[in-house]
There are 2 protein chains.
Amino acid sequence: MGRATSKRMHRCPVAAFQKMIAGKYKLRILWDLQDGQRRYGEIRSGLLRGTEGTREIAPRVLSRELKALAASGLVIRKDYAVMPPKVEYRLTPMGKSFIPVIGEIRKWGARYLAGENLSLAS
Amino acid sequence: MGRATSKRMHRCPVAAFQKMIAGKYKLRILWDLQDGQRRYGEIRSGLLRGTEGTREIAPRVLSRELKALAASGLVIRKDYAVMPPKVEYRLTPMGKSFIPVIGEIRKWGARYLAGENLSLAS
DNA sequence: CAGCATCCTGCGTGATACTG
DNA sequence: CAGTATCACGCAGGATGCTG
């Protein structure tokens, strides 16, 4: 099955949204990329901030997340094909358009999931 | 009350958000509840709309989703304790405050995930 | 540095049967 | 009607080692 309809026309945007951002890191990666391009290692380190207790993210996992984001059309992978390797990821226009949505999520989450923390912006 | 807060202070609202809406149906359930209270069976049937191909949602799954939503403080379960059973679920103020966020998600999803499918509606 | 190959484990999801 | 009890399964996510 599957076949021609590799990308289904979702009648339910919410379901599509959930699939798109499935995974622990996708939203945070997108958010981190809003400032500009980032290298693989930068993204990786960025995901560790605020999570002292946790371990390093498995390369396999991060790799898959990034591929999925690229496949969704949210980010673009730029491989400089140099040695040592240098790869940068940046948001596509579609990805950029999604940032405000994450912003809304964060705003709501800051109020209802983290107390009356008013001072955060970022 | 130091740790009286049953809900942890998440430094990352996004991560907390993801946990909160984890599961295939939570967002859709919340969205469906915005019009008012709904009974268990109504929610169940509502989740089938627009998903002709799929089968009925397993009671076990829906039950867990609803419990999780209640535990998150997004919905309230009202049990009428009658025979035959009648249980209604409705949004808490916190749950209602979350509806606009879903609205943003849907708006974005309708534009970028459903193509130029203008038949958006619900 | 930016991954890929392999193994392993927990749990989310589904299907079915049963109950107050 | 509104669930609970079991069984089964795929896959996300982690851990390690290796490579161009």
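We name chains A, B, ... by the order of the sequence lines, and we start the count at 1 in each one. No hydrogens, no waters, no symmetry mates; every other heavy atom, side chains included, goes into these values.
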Tracing side-chain links under 4.5 Å among I, L, V, M, F, W and Y, which residues wind up in one group with B:Y80? B:V82
Select base, sugar-phosphate, or nothing to describe what B:Y80 touches, counting heavy atoms under 4.0 Å on all strands. nothing
Nearest heavy-atom approach of B:L91 to B:L30 is CD2-CD2, 3.7 Å
Run the side chain to side chain contact (heavy atoms under 4.5 Å, CB included) test on B:Y89 and B:I29 for me, step by step, so that the C-alpha distance in whole Å, both residues' side-chain angles and the decisive distance to 0.1 Å come before the verdict. CA-CA 10 Å; B:Y89 295 87; B:I29 292 171; over 6 Å; no
Any ion pair linking A:R39 and A:E42 (charged N to carboxylate O, less than 4.0 Å)? no
Axis-to-axis angle across the helix from C:dC1-D:dG20 to C:dG20-D:dC1, five pairs each end, nearest 10 degrees, ~ 50°
Base, backbone or nothing for each nucleotide of nucleotides 12-20 of chain C, written B, S, -, heavy atoms under 4.0 angstrom, 5' to 3'? SBBB----B
OP1 or OP2 of C:dC4 less than 4.0 angstrom from a side-chain nitrogen or oxygen of A:S63, does that happen here? yes
Contacts of type side-chain hydrogen bond (donor to acceptor under 3.5 Å, both in side chains), residue B:R38, not counting sequence neighbours: none
Would you say the side-chain atoms of B:T92 pair up with the backbone N or O of B:L74, donor to acceptor, closer than 3.5 Å? yes
Transitively linked via ILVMFWY side-chain contacts under 4.5 Å: A:I99 with B:V101? yes
Any donor-acceptor pair under 3.5 Å linking the side-chain atoms of A:K96 with those of A:Q34? no
Rounded to whole Å, how long is the line connecting atom CG of A:D79 with atom P of C:dG3? 7 Å
Do you know the tightest heavy-atom contact between B:F17 and A:L113? N-CD1, 3.7 Å
Using the heavy-atom set of chain B and a strict 4.0 Å cut-off, write down the first and last nucleotide of DNA chain D that makes it in, 5' to 3'. D:dC1 to D:dT6
Taking atom C1' of C:dC11 as reference, at what distance in whole Å does atom NZ of B:K67 sit? 17 Å
Pair listing, side chain to side chain donor-acceptor pair (under 3.5 Å) test, anchored in residues 14-30 of chain B, at least two apart: B:K26-B:E65
